[in-house]
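Encoded as C-alpha cells, the structure appears first; notes follow it.
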Amino acid sequence: MSEEAVPGREAMEYDVVIIGAGPAGLSAAIRLKQQAQAAGAEITVAVVEKGSEVGAHILSGAVIDPKALDKNAPLETPVTEDRFLALGPQGAINVPMWPMPSFMHNHGCYVASLANICRWLAGEAEALGVEIYPGMAASEVVYDDNGAIKGVVAGVFGVGKDGAHKPDYQPGLELHAKYTLIAEGARGSLAKQLQARFNLTEGREPQKYGLGLKELWQVPEENFHPGLVQHTVGWPLDSKTGGGSFMYHFGDRYVAIGFVVHLNYANPWISPFDEFQRVKHHPSIRQYLKGGRRIAYGARAITEGGFQSVPALTFPGGALIGCSAGFVNLPRIKGSHNAMKTGMLAAEAAFAAIQSGRSADTLAEYQTAYNRSWVRKELYVVRNAKPLWSRLGTWLGSAVIVFDINVTNLFGGLSFFGTLKHGKTDAEATGHAEDFKPIVYPKPDGVLSFDKLSSVFLSATNHEEDQPAHLRLKDPEVPIGVNLPLYGEPARLYCPAGVYEVLYDEAGANPRFQINAQNCVHCKTCDIKDPSQNIVWTTPEGGGGPNYPNM
C-alpha cells in the first residue's frame with residue numbers, strides 16, 4: 001500500500017477512478033457520465049484495466065439477464081430451450097423446469113459473450129468521455145493523511161525478477177480521485193486489502209467461491225441448436241462435491257461448454273480441470289461437440305457466498321461494486337446483471353456526493369440504495385441455497401433448495417431455515433490426503449478432452465518473464481513441509497493452468513515446489529483454496545495474463 005511518494009511518479013486527478021473494465025466498472029462509468037450530461041455538469045472518470053484490452057480477462061458462461069442493460073446491447077441469441085439434467089455415468093434424467101420458481105427459468109434471457117458485451121460497454125463509455133486505460137494494472141492503494149483511499153498506483157513497468165529497475169522502468173502513475181470504485185471481479189487483490197483494512201467483513205459470513213472452467217467450440221450445423229441452454233449436476237462429481245456443467249449455443253455455431261466446481265470440496269485429490277474434461281465425454285454433451293473444433297479456453301473464480309457474504313460496501317473514499325463484493329445469484333448462475341446494477345447505484349451516490357461538494361468520505365447512500373434494491377432482494381430469496389447444498393449434498397440438497405426458494409419467494413423472504421451460515425472458508429474445508437483415495441483421471445484423447453498446457457495455449461496467456469512473480473508465498477517452506485504431507489499439495493491439482501508443480505529428482509526423492517507464473521490465467525483459485533493460505537495472488541505487469549477473444 002502506497003503511503004509515500006515515489007521519485008518520478010506523477011499524479012493525475014479525476015473525480016472518479018474505477019478499477020476494472022468489467023460489467024460493474026463500465027456500467028458505473030457510463031452512469032456517471034449520463035448523470036452529468038442530464039445535469040449539465042462536468043465529471044471526469046477514468047477506468048483502469050489490467051488486461052491488454054477491454055474484455056481480455058472477462059470470462060463468463062454466459063446467459064445474460066438483460067434487466068440492467070440498454071436495449072441496444074449486443075444480445076443476439078435469445079434462449080429458446082431450457083434443460084436441466086441429472087447425470088449418471090452413462091445416462092441422464094431430464095429434470096422438469098416447472099417446479100422451479102419463475103426467476104430460475106432462462107426464457108427472456110440471452111446467450112452472449114460477456115467479453116464482447118464489455119467491449120460494447122467500453123465503446124459507449126468512451127463516446128460519453130470516459131477515459132479507459134487497458135494494460136494498466138492497479139497494483140497499490142494510495143491513502144490520504146486521514147487514512148481515506150485517495151486513489152491507486154497503476155502502470156508500473158520494468159521491474160526485474162530481482163526487484164531491480166530495468167532500462168525500461170516506469171514508476172507508474174498515481175490516479176487520485178474524490179471517490180475510487182473497486183470493480184476487480186472475484187477475489188480482487190485490492191478489494192482483499194481494503195476489506196481487511198476497513199473491517200468490511202465484520203459480522204459477515206466468509207465469502208464462498210466456485211471455479212468456473214470454460215471452452216468455446218465451433219460445431220457443425222447439424223449439432224447446433226441456437227438458444228439451447230443446458231445445465232447438469234451429478235456425474236462426474238460425487239454427491240458431496242458441488243458443481244455441474246453448462247452448455248450454451250449462440251452466435252456463429254458457437255457452443256460455450258463449461259464446468260463449475262464449488263471450492264468447498266473436501267477431497268484434496270480432486271482436479272476440477274480433469275473433471276471438466278471427463279464430463280465432455282458424457283453422451284448428453286459429446287453429441288453436440290462431435291465434429292467440432294475447440295477454439296478458446298479459460299478459467300475464473302466465481303463468488304458464491306451470496307447474501308450472507310456481501311461485505312460492507314463503502315469505506316472512506318471508495319466502494320466495492322460487482323463481484324468485488326459478490327452479487328452472484330448461485331441458483332440462477334448469474335451475476336452480471338447484479339454487477340451492472342450495483343455499479344450504477346454506486347455511480348449515482350458518487351455523482352450526488354461530488355455535486356454537493358463532498359469527497360473522500362463514506363458513500364453511505366450507496367449502501368442504502370443497495371439495501372433497497374432488487375439486487376439485495378434477489379440474493380435474500382436464495383440465501384440458503386449454498387449452505388443447504390454444502391450440508392445436504394447434491395441430490396437431497398437440490399430438492400430442498402427448490403422447496404426453500406419457492407416458499408421464501410412466496411412468503412416475501414421468510415424461510416423455514418432462517419438465514420443459514422456458511423461457517424468454514426473454502427480453504428478450511430480441505431480435508432487431509434490420507435482420508436481420501438487418490439483419483440486416477442483418464443488420459444485426454446485430444447478430440448474431446450485435452451491437457452492443461454494445450455488449453456492454456458488457447459487462452460493466449462502471456463506474461464513478461466523478467467518480473468517479480470505475482471504469485472507469492474508467505475513462507476516458501478510450506479508447500480513441501482506442510483501441504484505435501486498433509487494434503488498432497490493440492491495446488492498442482494486445483495490450478496487449471498499448470499502453474500504449480502511438485503518435482504522430484506531422478507531417484508524420486510527430494511521434492512521441490514515450482515511455480516510457473518507465466519501460465520497463470522488469473523483465476524485466483526490458489527489464493528482461495530490453498531489450505532495453508534500461503535499463496536497470495538497479486539497483479540503482474542499490466543497487459544499480462546489471458547487474452548480471451550469472445551468468452
Side-chain angles (χ1 to χ4, degrees), residues 82-106 205-206 208-212 230-246 259-270 272 275-276 278-279 282 284-285 302-309 328-334 378-411 413-426 428-431 435-437 439:
D82 221 351
R83 293 183 192 166
F84 191 84
L85 305 179
L87 299 188
Q90 289 298 323
I93 298 174
N94 199 333
V95 179
M97 295 294 295
W98 62 262
M100 301 182 189
S102 58
F103 65 80
M104 296 281 288
H105 296 233
N106 287 303
E205 285 296 291
K208 307 294 285 183
Y209 297 90
L211 172 59
Q230 176 176 293
H231 295 100
T232 76
V233 294
W235 188 88
L237 301 176
D238 62 38
S239 63
K240 295 180 181 178
T241 305
S245 78
F246 61 85
F259 200 69
V260 176
V261 177
H262 300 180
L263 288 177
N264 62 350
Y265 62 81
N267 185 349
W269 300 106
I270 287 176
E275 299 291 351
F276 176 31
R278 288 174 72 189
V279 81
H282 194 278
S284 298
I285 294 172
I302 307 162
T303 56
E304 293 185 344
F307 174 80
Q308 299 92 316
S309 301
V328 170
N329 182 325
L330 179 59
R332 293 191 75 196
I333 324 176
K334 291 178 181 63
E378 182 177 315
L379 295 182
Y380 190 68
V381 169
V382 302
R383 65 191 182 278
N384 289 324
K386 175 69 175 183
L388 284 170
W389 204 339
S390 300
R391 286 167 168 76
L392 303 178
T394 299
W395 305 118
L396 178 59
S398 296
V400 176
I401 287 166
V402 170
F403 171 78
D404 179 63
I405 291 175
N406 276 313
V407 170
T408 304
N409 196 40
L410 183 64
F411 290 99
L414 294 176
S415 168
F416 288 115
F417 301 103
T419 299
L420 297 173
K421 296 183 177 182
H422 297 307
K424 296 179 179 178
T425 66
D426 293 331
E428 292 168 337
T430 310
D435 296 330
F436 298 87
K437 185 178 179 181
I439 302 171

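The shown structure was predicted, so the numbers you read here are calculated from the model rather than taken from an experiment.
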task: Mind checking ring pair (Phe, Tyr, Trp, His ring centres under 6.0 Å) for His282 and listing every partner two or more places apart, or none if nothing turns up?
output: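 With neighbours one apart ignored, the set is Trp235.
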message: Applying ring pair (Phe, Tyr, Trp, His ring centres under 6.0 Å), can you list everything that pairs with Tyr380, at least two apart in sequence or on another chain?
response: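 Result, ring pair (Phe, Tyr, Trp, His ring centres under 6.0 Å) vs Tyr380: Phe307.
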field: Partners meeting side chain to side chain contact (heavy atoms under 4.5 Å, CB included) with Ser309 (sequence neighbours left out)
entry: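 Only Glu205, Gln207, His422 meet the side chain to side chain contact (heavy atoms under 4.5 Å, CB included) criterion with Ser309.
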With rounding to the nearest 0.5 Å, note down the distance linking [atom1] in [X] to [atom2] in [Y].
X	Y	atom1	atom2	value
Asn106	Ile333	CG	CD1	8.0 Å
Leu211	Asp426	CG	CG	11.0 Å
Leu263	Thr425	CG	OG1	11.0 Å
Ile401	Met100	CD1	CE	10.5 Å
Glu275	Ile439	CD	CD1	5.5 Å

- request: Determine, stepwise, if the pair Phe417 / Val400 fulfils side chain to side chain contact (heavy atoms under 4.5 Å, CB included).
  value: CA-CA 11 Å; Phe417 301 103; Val400 176; 3.7 Å; yes
Just wondering, do [Y] and [X] contact through their side chains at under 4.5 Å, heavy atoms?
X	Y	value
Thr232	Ser284	no
Phe259	Leu237	yes
Phe84	Met97	yes
Arg383	Ser415	yes
Met104	Val402	no
Val381	Ile405	yes
Leu87	Val279	yes
Thr241	Asn267	no

- request: Give a yes or no on this: more than 12 heavy atoms of other residues, nucleotides or ligands lie within 6.0 Å of atom CD1 of Ile93.
  value: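 Count not over threshold, so no.
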- prompt: Minimum heavy-atom separation for Val260 to Gly212, with atom names?
  reply: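 Closest heavy-atom pair between Val260 and Gly212: CG2-CA, 4.1 Å.
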- request: Please name the pair of heavy atoms, one in Gly431 and one in Pro268, separated by the smallest distance, quoted to 0.1 Å.
  value: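 Minimum heavy-atom contact is O-CG, 3.5 Å.
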query: Is the backbone N or O of Leu420 less than 3.5 Å from a side-chain atom of Gln308, with the two atoms forming a donor-acceptor pair by type?
result: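 It does hold such a pair.
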- prompt: Between Asn329 (side chain) and Val382 (backbone), is there a donor-acceptor pair under 3.5 Å?
  reply: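 No: the side chain of Asn329 does not pair with the backbone of Val382.
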- prompt: Does Arg332 have any salt bridge (Lys or Arg N to Asp or Glu O under 4.0 Å) partners at least two apart in sequence or in another chain, and if so, which?
  reply: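 Once residues adjacent in sequence are excluded, the partners of Arg332 under the salt bridge (Lys or Arg N to Asp or Glu O under 4.0 Å) criterion are Asp65, Glu378.
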field: Residue pairs passing the salt bridge (Lys or Arg N to Asp or Glu O under 4.0 Å) test where at least one lies in residues 82-105, sequence neighbours excluded
entry: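 Those involving residues 82-105 are Glu81-Arg83.
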Determine all donor-acceptor pairs shorter than 3.5 Å in which one atom belongs to a side chain in residues 387-397; sequence neighbours excluded.
unit_1	atom_1	unit_2	atom_2	d
Ser390	OG	Asn264	ND2	2.8
Ser390	OG	Lys386	O	3.0
Arg391	NH1	Pro387	O	3.4
Arg391	NH1	Lys421	O	3.0
Arg391	NH2	Lys421	O	3.2
Thr394	OG1	Ser239	O	3.3

